[in-house]
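Both ligands and their constituent atoms are indexed starting at 1 by order of listing.
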Amino acid sequence: MTKHIFVTGGVVSSLGKGLTSASIGMLLEQRGLRVRMQKFDPYINVDPGTMSPYQHGEVYVLDDGSETDLDLGHYERFTNSPLSRDSNYTTGQIYLAVINKERRGEFLGKTVQVIPHITNEIKAAVKKLAGPDVDVVITEIGGTVGDIESQPFLEAIRQFALDVGKSNCLYIHLTLIPYLKAAGELKTKPTQHSVGQLREIGIQPDVLICRTERSISHDDREKIALFCNVPIEAVIEEKDKEFSIYEVPLSLRDNRLDDFICDRLKLPSTKPDLDDWHNLLHRLRNPKHEIAIAVVGKYAEHRDAYKSIYEALDHAGIAHEAQIRIQRIQSEEVEREGPEKLLAGYDGILVPGGFGERGIEGKIQAIKFAREREIPFFGICLGMQCAVIEFARNEVGLAGAHSTEFNKDTPHPVICLLDEQKTITDKGGTMRLGAQKAVLDPASRSATAYRAENIEERHRHRYEFNNVYRQQFQAHGMLFAGVSPDRSLVEIVELPEHPWFVAVQFHPEFKSKPIAPQPLFHGFIGAAIERKQVRGERAVEVS
Ligand code: GLN
């Protein structure tokens with residue numbers, strides 16, 4: 001029988017529910033359990049695909065092409081839980097499904113209501129992940145207890161324990177224990193209120209994970225346990241991690257959270273095997289190199305907009321025993337200040353994906369700078385399209401070359417709409433999405449990095465390289481290092497004369513893991529370290 005863990009959050013948002021859920025998943029997996037992970041997002045959008053990165057942060061893409069919340073990225077980086085469309089549900093998706101059933105007449109004349117119809121749909125979404133080959137399903141409820149939007153989800157998970165038996169469910173509540181400087185103490189009242197709200201709707205949490213800046217004293221833990229009606233060993237401290245998010249599972253383990261969970265749910269399991277994680281943290285703490293990478297993007301000021309890219313850079317750093325200092329630079333600033341002032345001194349330049357015209361010329365200038373100064377360059381999705389535009393204008397001699405996304409009347413549309421996109425008008429879920437195969441040129445840097453000639457990576461775009469220009473580009477030294485199996489789409493471009501100039505139409509960052517870095521990130525960081533060693537420069541200051 002599959003056991004269920006529900007993770008809710010209280011007091012404030014941004015407590016790191018996703019990371020905590022992923023860490024729990026990782027600990028249980030390392031104890032030999034088969035885990036599935038899932039997130040419910042209470043907003044009304046059907047998926048985050050149409051939301052601005054300022055609102056939502058990165059859109060994380062799965063193999064099956066679903067556009068999901070970035071917490072699913074944490075799930076994939078920490079666990080081996082297979083993720084699919086069933087791993088992320090929004091209020092919008094749940095209502096859409098119920099309304100479609102109503103239109104088909106499936107409710108046989110009944111009045112369709114939040115309880116039971118919406119809650120049934122939510123429970124069905126949880127049950128989809130259960131099965132004979134699954135020991136534990138971890139379901140994270142987005143938002144904070146008390147939000148109007150969260151109510152149907154909380155009601156559904158309350159009912160869930162009645163359906164499958166209380167002993168098969170465990171409720172974990174992530175909360176904040178703030179430190180009040182003026183009083184010189186930690187405050188437990190917000191947590192008491194948050195748990196009070198949960199209990200009002202009929203959920204008694206089994207475990208409280210307490211985010212805190214300072215260690216929680218035994219007395220405070222006793223107090224929390226008493227007021228929140230949980231045993232003291234279920235009050236788990238999760239102190240802020242200044243060093244690395246990869247410390248979170250180890251600190252939860254130190255607090256014996258996994259022991260408590262397995263005991264409560266009567267899960268047969270062994271002690272977790274955490275050697276790989278200890279090793280990873282050891283490497284993080286004892287770097288042999290230090291390099292600075294500039295990420296030049298439209299949403300650079302937003303920490304979450306390129307989340308998986310920053311993580312993937314770190315993973316490659318771990319493998320090379322290098323500390324990566326990442327400087328986020330807004331491409332518009334490159335337009336204002338010029339690349340020399342902002343980019344000189346970096347060991348590598350990465351231009352990530354994006355949409356919209358703002359800051360495009362800054363990205364193109366940054367790429368020109370990287371190409372001419374022989375600074376390792378990695379372009380991703382829009383970053384690759386900008387690399388193509390830059391090469392067209394400055395090397396092939398195609399003045400005014402552009403993508404038709406930004407200039408419909410360009411004399412040289414070197415990037416244009418994919419054929420399959422030409423008749424699409426809806427915005428949601430209609431791009432070229434998810435895992436696609438590519439074939440690599442065996443002589444390319446990419447093939448060396450992957451140690452393979454056939455790869456599969458995740459996509460999210462509408463535009464592509466315009467094949468009309470292939471020969472001209474080749475004649476000027478660009479290598480089409482990766483193409484779709486039918487050779488109709490360019491997936492990777494490289495400049496073989498350059499120390500490392502690789503740009504890809506896909507999003508390699510989504511498949512990188514802390515203990516298995518994505519090959520192209522690995523290659524890029526390797527090239528950046530090499531450049532630094534050869535030139536022997538001091539690292540630039542990163543703010
Ligand atoms: N805007 C570009 C396109 O749609 C690139 C998308 C991206 O970088 N994800 O093709």
Side-chain angles (χ1 to χ4, degrees), residues 47-54 56-63 65-68 70 73 295-300 302 304-310 312 330-331 349-364 366-367 377-390 392 401-408 410 413-436 438 457-467 469 482 484 488-493 502-512 518 520-521:
D47 60 46
T50 54
M51 282 188 198
S52 151
Y54 289 111
H56 187 271
E58 159 185 288
V59 174
Y60 189 78
V61 182
L62 304 181
D63 273 342
S66 21
E67 298 173 276
T68 71
L70 56 78
V295 175
V296 184
K298 175 175 170 184
Y299 315 105
H302 193 303
D304 281 348
Y306 308 117
K307 183 101 195 152
S308 295
I309 288 185
Y310 302 141
Q330 245 180 310
S331 48
I349 295 175
L350 188 152
V351 176
F355 297 82
E357 199 185 353
R358 186 162 63 77
I360 285 292
E361 293 303 325
K363 290 177 195 171
I364 293 173
I367 295 167
F377 167 73
F378 194 10
I380 293 179
C381 208
L382 183 60
M384 176 261 201
Q385 298 176 356
C386 288
V388 165
I389 296 166
E390 190 279 319
H402 221 321
S403 160
T404 54
E405 181 178 2
F406 311 119
N407 179 1
K408 296 237 167 335
T410 167
V414 288
I415 301 291
C416 61
L417 213 50
L418 285 158
D419 274 343
E420 68 203 37
Q421 288 286 332
K422 289 188 176 145
T423 52
I424 293 176
T425 52
D426 275 7
K427 291 281 179 258
T430 54
M431 283 184 248
R432 179 175 180 234
L433 287 165
Q436 313 279 346
E457 293 282 2
R458 297 180 192 169
H459 291 63
R460 181 171 186 254
H461 64 118
R462 293 186 202 283
Y463 293 81
E464 61 160 331
F465 181 86
N466 186 346
N467 289 326
Y469 295 95
S484 56
S488 68
L489 300 173
V490 171
E491 304 285 27
I492 308 179
V493 300
V502 178
V504 298
Q505 184 56 79
F506 46 82
H507 288 273
E509 69 273 24
F510 294 143
K511 282 177 53 170
S512 186
Q518 201 283 341
L520 295 178
F521 277 89

Check: Under 4.0 Å from any heavy atom of Gly353, which atoms of ligand 1 are there?
Finding: 8 (O)
Note to self: Pairing donors with acceptors under 3.5 angstrom, does anything connect the side chains of Glu491 and Gln436?
What the structure shows: no
Note to self: Suppose we measure from atom 8 (O) of ligand 1 to each protein heavy atom; which comes out shortest, and what is that distance?
What the structure shows: Gly354 N, 2.8 Å
Check: Once the angle between the rings of Tyr299 and Tyr306 is folded into 0 to 90°, is it parallel (under 30°), tilted (30 to 60°) or perpendicular (over 60°)?
Finding: tilted
Check: Hey, which atoms in ligand 1 end up nearer than 4.0 Å to a heavy atom of Arg460?
Finding: 6 (C), 7 (C), 9 (N)
Next item on the list: Just go through Met431, Glu405, Arg462 and tell me whose heavy atom is the nearest to atom 1 (N) of ligand 1.
Entry: Glu405
Notebook entry, point to check: Which protein heavy atom lies closest to atom 10 (O) of ligand 1, and at what distance to 0.1 Å?
Noted result: Tyr463 N, 2.9 Å
Check: Hey, does the side chain of His461 reach the backbone of Tyr463 with a donor-acceptor pair shorter than 3.5 angstrom?
Finding: yes
Check: For the residue pair Ile367 and Cys386, what are the closest heavy atoms and their distance?
Finding: CD1-CB, 3.5 Å
Margin query: Check contact between His507 and ligand 1, using heavy atoms of the residue and a distance below 4.0 angstrom.
Written below: yes
Item checked: Any N or O of Leu382 closer than 3.5 Å to N or O of ligand 1 -> yes
Next item on the list: Report yes or no: does Gln385 have a heavy atom closer than 4.0 Å to ligand 1?
Entry: yes
Note to self: For the residue pair Arg358 / Ser331, report whether a side-chain donor-acceptor contact shorter than 3.5 Å exists.
What the structure shows: no
Next item on the list: Check each atom of ligand 1 against the heavy atoms of Cys381 and keep those under 4.0 Å away; list them by number with element.
Entry: 5 (C), 6 (C), 7 (C), 8 (O), 9 (N)
